[in-house]
Amino acid sequence: MNSMRWPLGLALLFIGSAFAQDQPDEDPELLKLARKHFDRLARDPEKNWNPALTPSEEKLICNTAAGRFADYSPKHNSPNYELGPQCENKDDPACADEWPDSSVLRADVIAWLCTDKHAKELMPHNGIQIWGARIEGKLDLEEADLPFQLVFIQCRIIEDVRLSCARVKGLYWDGSHVASILADGLKVADVVLFRNGFTATGQVRLLSVEIGARLECGGAKFLHEGWGEQAGLVADGAKIKGDVFFRHGFEAKGQVSLQATEIGGSLYCDGAKFLCENWSDCLIADGLKVNGSVYFRERAEIHGTASFVSAKIDGFFRWHGLERHENTELWLQSAHVGTLRDEKASWPGEGKLKLDGFTYDRVDENAPLDVEGRLMWLRLDRSDRFNPQPYEQLASVLKRQGHEEDAKNILVGKEQDWAAHELRIVGNETEWQEWKIRLRRVVHGILGATVDYGYRPLKALWWALGICVLGLLLFKVGQWLGVMTPVNDKAYLQSKDPDWSRLRRRHLLGMRLGAKALTKSPREISADYPKFRAWVYSIDEFAPLVNLRQGDFWIPNLNRDVRAIAGWRGKFIRTYGRFLRIYLPRHIASGWILSTLSLAGLTGLVQR
């Protein structure tokens, strides 16, 4: 990791070479071979090759043969050379058009060193190492087999670089400026370094490349404003055994495509800027496979869509600390990640998050785990069709992590969002369709209020308790008012009973004393008749599977024993009696409904 922060000046140590300003006393065999080859080209009028070799090119060949860097930077080689006022830094490749001839190399000379059979036999293991040169012409290395590395530090390559189907030990191009790099099928044994000010004005195409270590683009700028097949950086189908770094000043004005790319390490996009201002798709990583993690942190910016459709990420997917923009979108359809780590401040706007089929093994403890926050996250995915899968996925993960109540609340939220989406009247329904929707709303509301749509079936017990307590109070008042009466006359004392005479005398005495008679004859319930118990009666009538026999013996009935009761008391008793007769079947029905819903919830019948 620290290697990414090395200044360019330490590249010498990394390569293990030293600059040499002096030429060897005896020309190396590689230079002799080169002179022979290019002298022959210079004598051929059809080749238009002149001169055979320039002093700067002979310097390259001599230093390469000795395994040393060839330094052409104006700061070191032409300290007195004056550049334009716009070039504050003489070694800046952006000023390469003003560099002296001593800093110019022809691309064909480099290509000959890499492709000539006899030249390659004389090449050292550390290959071609160039600092600060302007390389003119196309560098065509297609299908070349390079058992050494190509090192271009702060160089300017004027035309395209072609590396399709080539083999090379490593590419070290820190700080260099290039036009286009066309490298389909390239195989690199070690690393590819496009870092520290590397700039590509054309397309960099790495289709199906194989990189044996890491791909580093920290501080690189890809300025080609293209998309699709002309995307600024294309690495579709690439196989990279190490990490991929798009961070520390990485900037892409065109689309970056990593479709079906395989990364053996992690993908770092910390602080990266995916601009693509002229279209929506900034980063296309559909089908991406990452053995490590994916990081978007440290004020990374995405001015468009980051698509990870069907991607597979074994480690973390970190999406936090971003510089969110109005057009930022994140597509995760059918993707899978090991651990999700995000934050509310970095979430895309409403309708700009796609979660259909997105799965993950766990949510990081540092990510939002509150129900309201997560429901807000789920509701950012707005589509014409309601999709329950994201809710169920989140609920299953929360349950595995020990947040069972939160998981149930997420599922309850799923049902509420489903109703809001599916049970709405948009205005083009027929009258029957409107009634049907309203009926479904009522049923759905009852399910939610009583058993939380089947996710909390025991919630109905609280409703049952409340209804039973209500019944207890109502039936007890009915008992006080004499409204609760036996089912039949056998409950009352008859003339043949031993207590009949006593009851008759007390009744007549009361009438003579002026007491208002409530009944036509003395009425008293036999001591052998089951006594009325309001709380037992309430439970007995409410619970459909319980028979406590109170309902078999007692019923609200005003007219059986009441004759004529004057005044407000009589009216109240008659009204209350009618009320109890209306309430009782509803008391019974509520017991059946709640029992059925509880049973259905326990068996999972009402869960969507």
Side-chain angles (χ1 to χ4, degrees), residues 231 233-240 243-244 246 255-270 272 274 276 280-297 300 302 304-322 324 327-344 346-364 366-369 374-383 385-398 400-401 410 414:
L233 173 59
V234 184
D236 296 346
K239 296 181 179 180
I240 304 166
D243 297 323
V244 175
F246 295 155
Q255 188 180 81
V256 176
S257 183
L258 300 175
Q259 299 183 72
T261 299
E262 298 180 13
I263 300 176
S266 297
L267 172 62
Y268 295 89
C269 299
D270 299 335
F274 298 88
C276 55
S280 61
D281 298 334
C282 281
L283 173 60
I284 307 300
D286 299 347
L288 174 71
K289 294 182 180 180
V290 182
N291 292 342
S293 302
V294 173
Y295 298 90
F296 287 88
R297 306 172 298 184
I302 300 176
T305 301
S307 177
F308 288 88
V309 175
S310 300
K312 184 179 183 298
I313 302 165
D314 293 342
F316 280 84
F317 184 81
R318 291 184 173 270
W319 184 274
H320 55 92
L322 277 77
R324 191 181 69 176
N327 58 345
T328 300
E329 297 191 22
L330 177 60
W331 293 4
L332 295 169
Q333 300 100 311
S334 302
H336 175 81
V337 304
T339 301
L340 177 64
R341 167 71 168 95
D342 59 357
E343 65 174 3
K344 294 180 182 179
S346 297
W347 289 345
E350 185 174 340
K352 296 180 180 180
L353 177 66
K354 307 299 182 183
L355 297 172
D356 184 13
F358 177 47
T359 59
Y360 40 95
D361 298 330
R362 63 186 301 272
V363 178
D364 189 79
N366 294 318
L369 289 173
R374 276 299 158 193
L375 285 175
M376 182 190 307
W377 177 68
L378 292 169
R379 289 163 184 162
L380 294 176
D381 185 356
R382 294 290 185 186
S383 59
R385 177 181 60 87
F386 179 79
N387 182 17
Q389 184 274 335
Y391 296 82
E392 294 167 356
Q393 166 65 27
L394 177 58
S396 66
V397 170
L398 291 177
R400 287 199 305 268
Q401 292 183 216
I410 293 295
K414 176 195 74 171

For E343, salt bridge (Lys or Arg N to Asp or Glu O under 4.0 Å) partners two or more places apart: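 Partners of E343 under the salt bridge (Lys or Arg N to Asp or Glu O under 4.0 Å) test: none.
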
For K312, give me all partners under salt bridge (Lys or Arg N to Asp or Glu O under 4.0 Å), at least two apart in sequence or on another chain.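 Listed in chain order: D314.
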
Tell me whether K239 at atom NZ has more than 12 heavy atoms from other residues, nucleotides or ligands lying less than 6.0 Å away.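 Atom NZ in K239 is not crowded, with 12 or fewer foreign heavy atoms closer than 6.0 Å.
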
Euclidean distance, [Y] [atom2] relative to [X] [atom1], rounded to 0.5 Å:
X	Y	atom1	atom2	result
N366	T339	CG	OG1	11.5 Å
L355	S334	CG	OG	11.0 Å
T328	L353	OG1	CG	12.0 Å
K414	L378	NZ	CG	11.5 Å
C269	R318	SG	CZ	14.0 Å
I240	L258	CD1	CG	7.5 Å

Looking at [X] and [Y], would you say the former's side chain and the latter's main chain have a donor-acceptor pair under 3.5 Å?
X	Y	result
S293	F316	yes
D281	T305	no
Q393	F358	no
R362	R400	no

[X] side chain near [Y] side chain, heavy-atom distance below 4.5 Å:
X	Y	result
S346	F296	no
I263	D243	no
L267	L288	yes
H320	D342	no
L283	I302	no

No-hydrogen, no-angle side-chain donor-acceptor test under 3.5 Å, T359 and H336: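 Their side chains do contain a donor-acceptor pair, which is all the 3.5 Å distance test asks for.
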
Short side-chain donor-acceptor distance under 3.5 Å, D286 and S307: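 There is such a pair between these side chains.
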
At their closest point, which heavy atom of [X] faces which heavy atom of [Y], and how far apart are they?
X	Y	result
R379	E350	O-CG, 4.4 Å
R385	D356	NH2-OD2, 3.6 Å
V363	L394	CG2-CD1, 4.3 Å
L332	F308	CD2-CB, 3.9 Å

Relative to each other, are the rings of W377 and Y360 parallel, tilted or perpendicular (30° and 60° limits)?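 Perpendicular.
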
Mind telling me whether W319 and F317 have parallel, tilted or perpendicular rings, with 30° and 60° as the class edges?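 Parallel, since the angle between the ring planes stays under 30°.
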
Can you list everything that forms a side-chain hydrogen bond (donor to acceptor under 3.5 Å, both in side chains) with Q259? Sequence neighbours excluded, please.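 Per chain and number, Q259 pairs via side-chain hydrogen bond (donor to acceptor under 3.5 Å, both in side chains) with S257.
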
